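Comments concern the structure below.
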Amino acid sequence: MTTKKKPKVYVTRKLPDAVETRMRELFDAELNIDDRPRTKDELIQAVRVVDVLVPTVTDRIDAEVIAEAGPQMRLIASFSNGTDHIDVEAAARRGITVTNTPNVLTEDTADMTMALILAVPRRLAEGARVLTDHPGEWAGWSPTWMLGRRIHGKRIGIVGMGRIGTAVARRAKAFGLSIHYHNRKRVNPATEDELEATYWDSLDQMLARVDIVSVNCPSTPATYHLISARRLALLQPTSYIVNTARGDVIDEAALIKILREGKIAGAGLDVFENEPAVNPKLVKLANEGKVVILPHMSSATLEGRIDMGDKVIINIRTFIDGHRPPNRVLPFR
C-alpha cells in the first residue's frame, strides 16, 4: 500500500506548541523555532519549493514574492484575521488560493479595546507607574490626586461595526455608554435595538459628537488614513480615541500633533502605522500620560492563537483533500 505524501508546509513564525505538534503530525512542516522574522529572500526561497505557505501579519507577501512561487504552491494559509499583508489579487492571478482565520479573535480584541477605553480616561498606566517607577514616594489617597474622567453616561462612536465593533458595543453598553456607530451599511435592526445604537451615515458628524472613538474597521485602500488630520480636528477637546484595528487607519503624525497640542484628551493605541517601529514622539506622550501604548497584543491570548492554528490546519487539510477551504479570501472587486 502506498502512503500518501505529506504536503510541504512552510510556517513563517513560532506558533503555540499544540499547533506546531499537530502540523508536524499532519504535514511535512518546516517550523520557525527561534521565531525570527523571515526576510523577503527567505520567503521567496520558500515559495519556490513548498506546497503551502503559512504567513502571519508581519510577513509581506507581495506580488514580487508571489511571482516567485513554484507551480506546486497553490495555497497561502495565513495565520491571521486580516489579509492586508498579502496581495490577494496577485495570488488569484497565479491560481493560488488565500485563506485566513476569521471569527476567533473577536472577543479577545473587544476585551482589549474595552480595557483601553477604561485605561485612558481613568489614567491606569500613569497610576501604575507611580508605584513601580517611584516606589515609596506615594503619599497616600488624596481627594484631588490622579483625577481621570468618568466613562459611564458618555457617548462612544464605533468606526466599523463588524464582528469586533459589535462586540465592543456590547461591552460598552454594559458600562453605561451610549452607542453610536459609522459603517458602510447599517447593522440589522435587531442588533441596533439590542444595543440601542445610533447609526451615522456621516463619519464627520459622528466624530464631532462623541466622547470616545473606537476604531474597529479593517485596513483596506479605502480606510487608509480614514481618520485623517481633518477628521481628527473634528473631535472635542475632552474626547479620546482608541485603535485596536490597524495603525494606518489613523494619520499617526496628525494624531501626535493634536495630542501634543492638547486638542483631544488622550489616546489608547495597540497598533502603529509603521510597526514594529513606534514613533518616539508617541513614547514621549505615553511617558507624559497623554497616551497609552501597547505592543499589538489585543488578540494575544493562548486560546485565541490555538483557535487560529486550528483554522489554518482545517484550511490546509480541506484544500489538500480537493475541497474549497472554509475560510477562502476572494480578491477585492
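Remember, it's a predicted structure, so these values are computed and weren't measured experimentally. In this chain, residues are counted from 1 in sequence order.
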>> One pair to check against salt bridge (charged side-chain N to carboxylate O under 4.0 Å, His left out): Lys14 and Asp17. What are the steps and the verdict?
In response: CA-CA 8 Å; Lys14 177 85 176 73; Asp17 289 345; 2.9 Å; yes
>> Donor-acceptor pair, distance only, cut-off 3.5 Å: does the side chain of Thr83 make one with the backbone of Ile86?
In response: no
>> Would the distance check show the side chain of Asn103 and the main-chain N or O of Thr106 forming a donor-acceptor pair, the cut-off being under 3.5 Å?
In response: no
Side chains of residues 279-291: which donor-acceptor partners sit under 3.5 Å, not counting sequence neighbours?
residue, atom, partner, partner atom, Å
Asn279, OD1, Lys281, N, 2.8
Lys284, NZ, Glu288, OE2, 2.5
Asn287, ND2, Val283, O, 3.4

>> I'd like to know whether NZ of Lys263 has more than 12 heavy-atom contacts from other residues, nucleotides or ligands below 6.0 angstrom.
In response: no
Are a donor atom and an acceptor atom from the side chains of [X] and [Y] found within less than 3.5 Å of each other?
X	Y	result
Asn100	Ser80	no
Asn327	Thr99	no
Thr97	Arg74	no
Thr244	Thr113	yes
Thr12	Asp59	yes
Ser214	Asn216	yes

How about [X] and [Y]: do any of their side-chain heavy atoms sit closer than 4.5 Å?
X	Y	result
Leu330	Val88	no
Leu294	Met112	yes
Leu43	Thr39	no

> Is any side-chain N of the basic residue among Glu25 and Arg22 closer than 4.0 Å to the acidic one's carboxylate O?
Replying inline: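 Yes, charged N to carboxylate O under 4.0 Å.
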> After noting the C-alpha distance and the side-chain angles of Glu64 and Lys40, does the key distance pass the salt bridge (charged side-chain N to carboxylate O under 4.0 Å, His left out) rule?
Replying inline: CA-CA 9 Å; Glu64 186 177 350; Lys40 187 168 189 173; 2.8 Å; yes
> So Ser78 and His85, side chain to side chain donor-acceptor pair (under 3.5 Å) or not? Walk me through it.
Replying inline: CA-CA 10 Å; Ser78 188; His85 58 296; 2.9 Å; yes
Without placing hydrogens or testing angles, list every side-chain donor-acceptor pair under 3.5 Å for residues 138-159, not counting sequence neighbours.
residue, atom, partner, partner atom, Å
Trp138, NE1, Gly140, O, 3.4
Lys154, NZ, Arg150, O, 2.8

>> Enumerate the side chain to side chain donor-acceptor pair (under 3.5 Å) contacts for residues 266-277, please, sequence neighbours excluded, ordered by first and then second residue.
In response: His225-Glu273, Asp270-Ser298, Glu275-His296
